[in-house]
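Read the structure below first, then the notes.
All values reported here derive from a predicted model rather than from experimental measurement.
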Amino acid sequence: MAEPTDPSEAIRQLSKELDGIPKELRKKLRPALKTAAEPIAENARGRASWSKRIPRAISVGVRFSRDPGVYIRVRRAVAPHGRAYEGITGASDFVHPVFGHRDREVSEATRPYLEPAVTAGADDVLSTVAGVVDQVAREQGFR
């Protein structure tokens, strides 16, 4: 099988070849993958610095089971307004009630912070992740 040129495709291919990543491999991969994705999370925190809660709510996680990969999320319990400001619906603004006047609504512009951070750092992180996966797999005896 030909080597994929896209780093994210290489990671998917490796995951399929391993067919369930062994526990000892996961233990080594998880911290390395989180470290590789942290620059994107830092960039997103900087882009959301206008908010007191959103930067604290941004975290990096690694999943090996369903939809394996590295993900960056904004915890809704910490920053419930994070989704609206990101503009996840694709709209350029959102409507919300006025504090103290629930019967009135105002429109506010979105201020995306995650998507631009991911776009800016995705290539570097994908290359780093592919290298980390390669290195750890070799240490575990894979070729």
Side-chain angles (χ1 to χ4, degrees), residues 2-140 142:
E3 287 290 319
T5 55
D6 178 24
S8 60
E9 186 57 37
I11 293 168
R12 279 190 209 96
Q13 182 180 334
L14 175 66
S15 180
K16 284 179 185 176
E17 287 174 5
L18 293 177
D19 193 27
I21 300 172
K23 198 175 217 173
E24 55 278 352
L25 185 58
R26 278 186 263 155
K27 282 182 183 178
K28 290 188 176 214
L29 273 178
R30 190 177 306 277
L33 295 177
K34 282 182 84 166
T35 301
E38 192 57 41
I40 289 179
E42 280 301 317
N43 187 336
R45 288 182 191 110
R47 290 173 187 266
S49 62
W50 44 265
S51 169
K52 289 181 181 177
R53 294 185 287 171
I54 292 174
R56 287 186 321 204
I58 296 173
S59 63
V60 178
V62 177
R63 187 179 312 160
F64 291 112
S65 55
R66 188 185 79 239
D67 270 346
V70 177
Y71 62 92
I72 299 171
R73 73 179 190 140
V74 179
R75 291 185 314 276
R76 190 172 29 188
V78 178
H81 59 298
R83 293 167 51 99
Y85 275 112
E86 177 62 24
I88 63 168
T89 62
S92 60
D93 61 346
F94 62 97
V95 178
H96 64 87
V98 177
F99 181 75
H101 302 281
R102 303 296 269 171
D103 56 327
R104 288 190 240 156
E105 290 186 338
V106 294
S107 178
E108 196 165 343
T110 59
R111 299 169 86 173
Y113 50 92
L114 273 178
E115 192 273 331
V118 170
T119 301
D123 291 339
D124 293 338
V125 171
L126 284 173
S127 296
T128 303
V129 166
V132 165
V133 168
D134 249 5
Q135 177 188 349
V136 172
R138 279 193 200 107
E139 288 173 7
Q140 294 296 313
F142 294 98

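Between Val98 and Glu105 there is no side-chain heavy-atom pair separated by less than 4.5 Å. With a 4.5 Å cut-off on side-chain heavy atoms, Ile88 and Glu115 do not count as touching.
Although no hydrogens or angles enter the test, the distance criterion places no donor-acceptor pair under 3.5 Å between the side chain of Arg83 and the main chain of Arg76.
Separation of atoms NE2 (His96) and CD (Glu108) is listed at 4.0 Å; rounding is to 0.5 Å. Distance CZ/Arg47 to CZ/Arg111: 13.0 Å, rounded to 0.5 Å. To the nearest 0.5 angstrom, Ile54 atom CD1 is 7.5 Å from Tyr85 atom OH. How far CG of Asn43 is from OG1 of Thr119: 10.0 Å, rounded to the nearest 0.5 Å. Taking CD of Glu42 as the start and CD1 of Ile58 as the end, the distance is 9.0 Å to the nearest 0.5 Å. With rounding to the nearest 0.5 angstrom, the CD atom of Gln135 is 10.0 Å from the CG atom of Leu29.
Smallest separation of non-hydrogen atoms from Ala36 and Val125: O-CG2, 3.3 Å. Minimum interatomic distance between Ala37 and Val70 (heavy atoms only, all atoms of both residues): CB-CG1, 3.2 Å. Nearest heavy atoms, His81 versus Ser51: NE2-OG, 3.4 Å. Between Thr110 and Ala91, the shortest heavy-atom distance links the atoms CG2-O, 3.6 Å. Taking all atoms of both residues into account, the shortest heavy-atom contact from Pro55 to Ala48 is CG-O, 3.4 Å. Nearest approach of Val78 to Arg53, heavy atoms of both residues: O-CD, 3.4 Å.
Shown here are the side chain to side chain donor-acceptor pair (under 3.5 Å) partners of Asp124, two or more places apart in sequence or in another chain: there are none. Taking the side chain to side chain donor-acceptor pair (under 3.5 Å) definition, one finds that Ser107 meets it with Asp93, sequence neighbours left out.
The 12-atom threshold is exceeded at CZ of Arg63, counting heavy atoms of other residues, nucleotides or ligands nearer than 6.0 Å.
Salt bridge status for Arg45 with Glu38: present, with a side-chain N to carboxylate O gap under 4.0 Å.
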